[in-house]
Amino acid sequence: MPGYRGIDRHGHYVPGTDHQHIGSITDALLNADIDTTRWTGDAIADRITEFRRERTLPHLASPAAFLRWQLRALADVWAGPTPTERRAQIQAERAAAREIELAERAANPPASEATRAAARAEIRRVLANRRAR
């Protein structure tokens, strides 16, 4: 972005400034070695928000430097599973558990009506014998 100069803290374009805020943010994200084929922008933002929520923040003289520090502090997070990958894993585990449950049900079907009637008759016969004694 050759003609771009910078923005102020409210996100407004500031002509004639020497810093390149958006470029420094992009550089920080690229230098953090985040696999952007796995991590979405929303997932990265959510992790940074969680990180900030756990800490009290001082006045920031350099927001870009603070972002770079946060991204370095979260380096182990970027190597781990993304929220999407975690959801997929949980769904796969649930599907596997459901398949096992369905297989167990198929292997042990419920008793037929005739089997239940025979069991009730047997229970009645046993109870009648006990009463007779």
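Note that this is a predicted model, so its numbers are computed, not measured.
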**OP:** Could you verify whether a donor N or O on one side chain and an acceptor N or O on the other, from E93 and Q89, lie under 3.5 Å apart?
**Re:** yes
Original post:
How long is the span from the CZ atom in R72 to the CG atom in D33, to the nearest 0.5 Å?
Top reply: 12.0 Å
Original post:
Between W39 and V77, what is the shortest heavy-atom contact and its length?
Top reply: CZ2-O, 3.2 Å
Original post:
If only atom types and distance count, is the side chain of R47 paired as donor or acceptor with the main-chain N or O of L74 below 3.5 Å?
Top reply: no
Subject >> Minimum heavy-atom distance I48-Q70, with the two atoms named >> reply: CG2-OE1, 3.6 Å
Original post:
Is any side-chain N of the basic residue among E113 and R120 closer than 4.0 Å to the acidic one's carboxylate O?
Top reply: yes
**OP:** Please report the shortest heavy-atom distance between A73 and F51, naming the atom on each side.
**Re:** CB-CZ, 3.6 Å
Subject >> Contact summary for R86 and P81, nearest pair of heavy atoms >> reply: NH2-O, 3.2 Å
Subject >> Expected output: side-chain R38 to main-chain G80 donor-acceptor under 3.5 Å >> reply: yes
Original post:
Does any N or O in the side chain of T49 come within less than 3.5 Å of the main-chain N or O of A45, such that one atom is a donor and the other an acceptor?
Top reply: yes
Subject >> Check: A111 main-chain N/O paired with R116 side-chain donor or acceptor under 3.5 Å >> reply: yes
**OP:** Hey, could you give me the OG1/CG distance between T82 and D35, rounded to the nearest 0.5 Å?
**Re:** 9.0 Å
**OP:** Identify whether the distance between the nearest side-chain nitrogen and carboxylate oxygen of E122 and R125 falls below 4.0 Å.
**Re:** yes
Subject >> T40 and D42 side chains, donor-acceptor separation under 3.5 Å >> reply: no
**OP:** Drop me the distance from E99's CD to L102's CG, to the nearest 0.5 angstrom.
**Re:** 6.0 Å
Original post:
So, does W78 use its side chain to make a donor-acceptor pair with the main chain of L71 at under 3.5 Å?
Top reply: yes
